[in-house]
2 protein chains.
Amino acid sequence: MPEELPHPSLAEIRIERVLHALADPVRLHMVRELATLSEGVACGSIELPISKSTRTHHLRTLREAGVVSVRPSGTARITSLRRDDLDALYPGLLEGILNAPH
Amino acid sequence: MPEELPHPSLAEIRIERVLHALADPVRLHMVRELATLSEGVACGSIELPISKSTRTHHLRTLREAGVVSVRPSGTARITSLRRDDLDALYPGLLEGILNAPH
DNA sequence: CTCGTAGTTTGATGCATCTCGTACTACGAT
DNA sequence: ATCGTAGTACGAGATGCATCAAACTACGAG
């Protein structure tokens with residue numbers, strides 16, 4: 001019933017877009033936060049010194065690259081890391097990035 | 001004695017820059033080519049439909065990010081992948097990217 | 001010394017992206 | 001129905017980046 005947002009399928013995910021999505025400091029921070037949670041979280045609860053619209057922009061970039069999935073839940077949107085999909089496509093990549101010195 | 005080019009040390013390499021360097025299709029192709037060789041290679045021998053100056057620009061981006069090292073040898077410059085350094089900093093990352101569907 | 005080769009530097013152009021404020025939509029609570 | 005909350009959409013401004021051509025440097029060969 002709530003509007004579904006478009007996500008790339010496994011086959012549609014391209015490594016260049018994933019890397020570009022992860023290359024931004026703000027988005028990398030978001031991903032690191034998401035990685036510490038087993039469940040998804042509302043986008044707004046990730047603390048960041050940026051405006052709402054900038055947050056939306058980055059979340060969209062991550063979603064369109066296939067890094068996160070977003071599921072509407074009431075007035076909020078639950079964002080979660082597509083860890084299984086990324087691990088299936090690029091084994092080792094996510095771990096390598098998350099273990100990097102912050 | 002030929003002019004040395006500046007390379008970031010291990011401690012200076014930042015994950016955002018590495019990811020940004022790898023996010024470009026041209027540079028990713030360069031890295032894939034370099035990964036197939038055990039030894040370094042002259043930059044020009046990587047076949048690409050781009051101009052000389054564009055090639056230089058991308059090589060510089062890769063070098064400054066810490067992805068490749070460049071060593072002058074006569075009139076040529078031998079470029080090689082900093083595989084050991086990247087593996088030490090981000091274990092799994094390079095493998096995950098190189099094994100990705102082209 | 002002269003020439004050709006390999007690569008860099010500079011400057012310009014066009015496109016992408018990061019950022020924001022404002023206006024808008026969707027949903028829940030009162 | 002009204003209000004507040006969570007987030008999106010739309011411009012707009014500034015910066016960054018990919019690309020090229022042209023001029024330049026550095027080295028080796030002859």
Side-chain angles (χ1 to χ4, degrees), chain A residues 1-7 14-31 33-34 37 39-80, chain B residues 1-7 14-31 33-34 37 39-80:
Chain A
M1 15 345 231
E3 330 178 16
E4 271 305 327
L5 295 153
H7 291 75
R14 288 185 312 140
I15 184 73
E16 292 93 342
R17 291 190 61 120
V18 172
L19 293 173
H20 170 253
L22 296 172
D24 182 274
V26 172
R27 291 191 293 261
L28 186 58
H29 181 254
M30 285 175 168
V31 168
E33 289 294 313
L34 289 172
L37 309 161
E39 284 304 309
V41 75
C43 349
S45 38
I46 301 177
E47 199 174 327
L48 278 169
I50 57 174
S51 71
K52 277 194 304 178
S53 34
T54 302
R55 191 184 306 259
T56 296
H57 161 70
H58 286 307
L59 246 330
R60 189 222 280 254
T61 302
L62 287 170
R63 173 176 53 81
E64 289 180 348
V67 177
V68 305
S69 68
V70 181
R71 158 179 56 94
S73 161
T75 171
R77 302 209 157 178
I78 306 301
T79 304
S80 49
Chain B
M1 48 228 285
E3 331 178 15
E4 272 307 326
L5 295 152
H7 292 74
R14 288 184 311 140
I15 183 72
E16 293 93 340
R17 289 186 69 116
V18 172
L19 293 173
H20 171 254
L22 295 172
D24 181 274
V26 172
R27 291 191 292 260
L28 186 57
H29 180 253
M30 284 175 166
V31 168
E33 290 294 314
L34 289 174
L37 309 161
E39 283 304 309
V41 74
C43 351
S45 39
I46 302 177
E47 200 174 328
L48 277 169
I50 58 175
S51 70
K52 277 193 306 177
S53 34
T54 303
R55 192 185 305 261
T56 296
H57 161 70
H58 286 307
L59 246 331
R60 188 223 283 252
T61 302
L62 287 170
R63 172 177 52 81
E64 289 180 348
V67 177
V68 304
S69 68
V70 181
R71 159 178 56 93
S73 161
T75 170
R77 301 209 159 180
I78 306 302
T79 305
S80 49

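Here is how names work: the chains are called A, B, and so on, in the same order as the sequence lines, proteins then strands, and each is numbered from 1. Because the structure is predicted, anything quoted here is derived from the model rather than measured.
- Evaluation of atom-type donor-acceptor distances gives no pair under 3.5 Å for the side chain of A:Ser51 against the base of C:dG21.
- What separates CZ of A:Arg77 from P of D:dA9 is a distance of 7 Å, to the nearest Å.
- Between B:Leu59 and B:Arg77 there is no side-chain heavy-atom pair separated by less than 4.5 Å.
- Listed nucleotides: D:dC20, C:dA6, C:dA26. Nearest to the side chain of B:Ser53: D:dC20.
- Closest approach of B:Glu16 to A:Ala23, counting heavy atoms only: CB-O, 3.6 Å.
- Among D:dC20, C:dC27, C:dT5, the nucleotide with an atom closest to any side-chain atom of B:Thr54 is D:dC20.
- The interatomic distance linking B:His20 (NE2) with D:dC17 (C1') rounds to 7 Å, in whole Å.
- One interatomic measurement links the two molecules: CG of B:Leu48 to C1' of D:dC20, which rounds to 15 Å at whole-angstrom precision.
- If you measure from atom NE2 of B:His58 to atom C1' of D:dA18, you get 6 Å, rounded to the nearest angstrom.
- Between the side chain of B:Arg63 and the backbone N or O of B:Pro6, at least one donor-acceptor pair lies under 3.5 Å.
- Counting heavy atoms from C-beta on, the side chains of A:Val67 and A:Arg17 never come closer than 4.5 Å.
- Nucleotide D:dT19 holds its C1' atom 15 Å from the NZ atom of B:Lys52, rounded to whole Å.
- Note: CD1 (B:Ile78) to C1' (C:dA6) measures 11 Å, nearest angstrom.
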